[in-house]
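Notes to accompany the following structure.
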Amino acid sequence: MAESVRMKIAVLGATGQTGQYLVNQALQQGHTVTAIVRNPAKLTVHHDNLKVVEADIFSADSLKTHFKGQDVVISCLGFPASFFSGVSGYTQSMTSMISAMREARVNKIITMTSWYTEPNSGAQSSFLIRFLLLPMIRSVLTNMHEMEKLLHKTGDISWTVVRPPGLKNLQASAQEFLTHEGYFVPDGSGLPVGSAVGRGDVARFMLSLLNSNAWVNKGVAITTK
């Protein structure tokens with residue numbers, strides 16, 4: 001296999017559960033990582049190729065300094081569901097990221113959302129998912145979908161949205177990925193397959209896109225076999 005190209009990566013959401021797997025794997029693969037965080041004390045990893053910087057994810061000015069010279073931005077940002085008000089963190093942070101990327105001349109971003117961001121896409125899912133889980137996280141899914149639409153309108157930046165199902169705190173496995181250009185991964189009969197995937201595997205998939213032109217300007221639902 002060809003040696004993969006080592007890149008300079010700016011990671012947002014590096015202290016989150018998926019972000020921590022991603023930072024560790026990226027460093028193992030020889031990449032240089034700039035972790036852009038709100039609270040540097042939360043990131044306990046130390047490595048020669050890791051720089052931890054503090055910035056405001058909602059401010060393009062704050063981000064652009066740290067985006068300069070990077071090859072790619074990877075966002076593992078997550079925002080909690082809210083019953084009482086809409087969630088806006090996904091679109092707000094993406095708006096500032098895109099603006100900062102333009103100023104810093106970085107033109108590739110990989111971000112993660114979830115299965116079922118499109119409102120009608122959960123119609124084939126199980127009763128529990130449809131009537132219990134999805135309503136509970138609808139505020140998050142709605143804002144994720146708005147962020148996806150924002151990226152679709154961004155003509156000058158190469159983007160990929162990775163959509164995992166439920167997440168488990170597990171290290172990366174060697175399992176094959178099942179992928180689908182849509183809002184979930186269907187089995188042969190069109191029903192959703194697999195309900196959860198390890199966060200380590202989501203990180204592994206996101207990093208696999210660094211040296212690949214697969215899924216450019218697309219959303220891809222993933223799970224493991």
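Any value given below was found using the heavy atoms of this structure, including those in side chains, with hydrogens, waters and symmetry copies removed. Sequential numbering from 1 along the given sequence is applied to the chain's residues.
- Interatomic distance, M144 CE to T117 OG1, rounded to the nearest 0.5 Å: 8.0 Å.
- Counting only heavy atoms from C-beta outward, the side chains of T111 and L151 approach each other to under 4.5 Å.
- Remark: D71 does not engage K108 in a salt bridge, criterion side-chain N to carboxylate O under 4.0 Å.
- Looking only at atom types and distance, the side chain of T224 has no donor-acceptor partner in the side chain of E176 under 3.5 Å away.
- Between L209 and V162, the closest side-chain pair of non-hydrogen atoms falls below 4.5 Å.
- For the pair Y116 and R138, the tightest heavy-atom approach, listed with the atom from each and the gap, is O-NH1, 3.8 Å.
- Listed for the S62 side chain is a donor-acceptor partner under 3.5 Å among the backbone atoms of D56.
- Tracing side-chain contacts under 4.5 Å through hydrophobic residues (I, L, V, M, F, W, Y), one reaches L50 starting from L210; they form part of the same cluster.
- Closest heavy-atom contact between S121 and F184: O-CE2, 3.4 Å.
- Counting all heavy atoms, side chain and backbone alike, I129 lies closest to P135 at O-CD, 4.1 Å.
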Exercise. side-chain hydrogen bond (donor to acceptor under 3.5 Å, both in side chains) between T15 and Q20: does it pass, once the steps are laid out?
Worked result: CA-CA 6 Å; T15 57; Q20 292 190 43; 5.9 Å; no

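- Using modelled atom types, no side-chain atom of N49 and backbone atom of L27 make a donor-acceptor pair closer than 3.5 Å.
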For this session: Could you give me the CA-CA distance, side-chain angles and deciding distance for S82 and S85, then say whether side-chain hydrogen bond (donor to acceptor under 3.5 Å, both in side chains) is met?
Result: CA-CA 6 Å; S82 162; S85 59; 3.2 Å; yes

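- The local environment of NZ in K68 is crowded, with over 12 non-hydrogen atoms from other residues, nucleotides or ligands closer than 6.0 Å.
- Side-chain atoms of H180 do not come within 3.5 Å of backbone N or O of A221 as any donor-acceptor pair.
- Annotation for Q175: atom CD counts as buried by contact number, over 12 foreign heavy atoms lying within 6.0 Å.
- Counting heavy-atom neighbours within 6.0 Å of N213 CG, excluding the residue itself, gives a total of 12 or less.
- Between Y90 and F79 the shortest side-chain heavy-atom distance falls below 4.5 Å.
- Within the model, atoms CD1 of I157 and CD1 of I109 stand 7.5 Å from one another, a figure rounded to the nearest 0.5 Å.
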For this session: Show your working on side-chain contact (heavy atoms from CB on, under 4.5 Å) between R102 and D156 and close with a plain yes or no.
Result: CA-CA 9 Å; R102 286 179 174 142; D156 57 332; 2.7 Å; yes

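- For the atom pair CZ (R204) and CD (Q25), the distance works out to 8.0 Å, reported to the nearest 0.5 Å.
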Problem set entry | Step-by-step side-chain contact (heavy atoms from CB on, under 4.5 Å) determination, L167 to T18 | CA-CA 9 Å; L167 297 168; T18 306; 4.1 Å; yes

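- Proximity of V87 to T142: side-chain heavy atoms (C-beta onward) are nowhere separated by under 4.5 Å.
- Note on M7 and M101: separate hydrophobic clusters, where clusters join Ile, Leu, Val, Met, Phe, Trp and Tyr whose side-chain heavy atoms are under 4.5 Å apart, directly or indirectly.
- For the pair R6 and Q29, the tightest heavy-atom approach, listed with the atom from each and the gap, is NE-O, 3.9 Å.
- Judged purely by atom type and a 3.5 angstrom limit, D187 uses its side chain to pair as donor or acceptor with the backbone of G190.
- I110 and V37 fall within a single hydrophobic cluster, where Ile, Leu, Val, Met, Phe, Trp and Tyr are joined by side-chain heavy atoms under 4.5 Å apart, directly or via other members.
- Taking 4.0 Å as the cut-off between side-chain N and carboxylate O, R163 and E148 count as a salt-bridged pair.
- Cluster membership check: L12 does not share its hydrophobic cluster with L22, using side-chain heavy-atom separations under 4.5 Å among Ile, Leu, Val, Met, Phe, Trp and Tyr.
- The OG atom of S96 sits 10.0 Å away from the CG atom of D61 when rounded to the nearest 0.5 Å.
- Residue V202 comes nearest to P164 through the heavy atom pair CG2-CB, 3.8 Å, listed as atom of the first residue, atom of the second, then distance.
- Judged by distance alone, with hydrogens and angles left aside, the side-chain atoms of D201 form no donor-acceptor pair with the main-chain N or O of V197 at under 3.5 Å.
- E118 places a side-chain N or O within 3.5 Å of a backbone atom of N120 that can act as its donor or acceptor partner.
- Q70 has its side chain within reach of T34: a pair of non-hydrogen atoms, C-beta onward, lies under 4.5 Å apart.
- Looking only at distances, a side-chain donor or acceptor of T160 sits under 3.5 Å from a matching main-chain atom of W215.
- No side-chain donor-acceptor contact under 3.5 Å links E181 to the backbone of V220.
- For the pair R130 (side chain) and A123 (backbone), a donor-acceptor distance under 3.5 Å is present.
- Contact detail for L141 and S114: the closest heavy-atom pair is CD2-OG, 3.7 Å.
- Linking ILVMFWY side-chain heavy atoms closer than 4.5 Å, directly or via other members, places V23 and I36 in two distinct hydrophobic clusters.
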For this session: Take T179 and V185 through the side-chain contact (heavy atoms from CB on, under 4.5 Å) test and state the conclusion after the steps.
Result: CA-CA 6 Å; T179 56; V185 180; 5.9 Å; no

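- How far CD1 of I222 is from CE of M112: 8.5 Å, rounded to the nearest 0.5 Å.
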Problem set entry | Steps toward side-chain hydrogen bond (donor to acceptor under 3.5 Å, both in side chains) verdict (T91, N143) | CA-CA 7 Å; T91 42; N143 194 228; 2.9 Å; yes

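- Expressed to the nearest 0.5 Å, how far OG of S88 lies from CZ of F58 amounts to 6.5 Å.
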For this session: Go through the steps to decide whether N107 and S158 satisfy the test side-chain contact (heavy atoms from CB on, under 4.5 Å), and finish with yes or no.
Result: CA-CA 6 Å; N107 69 349; S158 139; 5.5 Å; no

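- At least one donor-acceptor pair under 3.5 Å links the side chain of N217 to the backbone N or O of W159.
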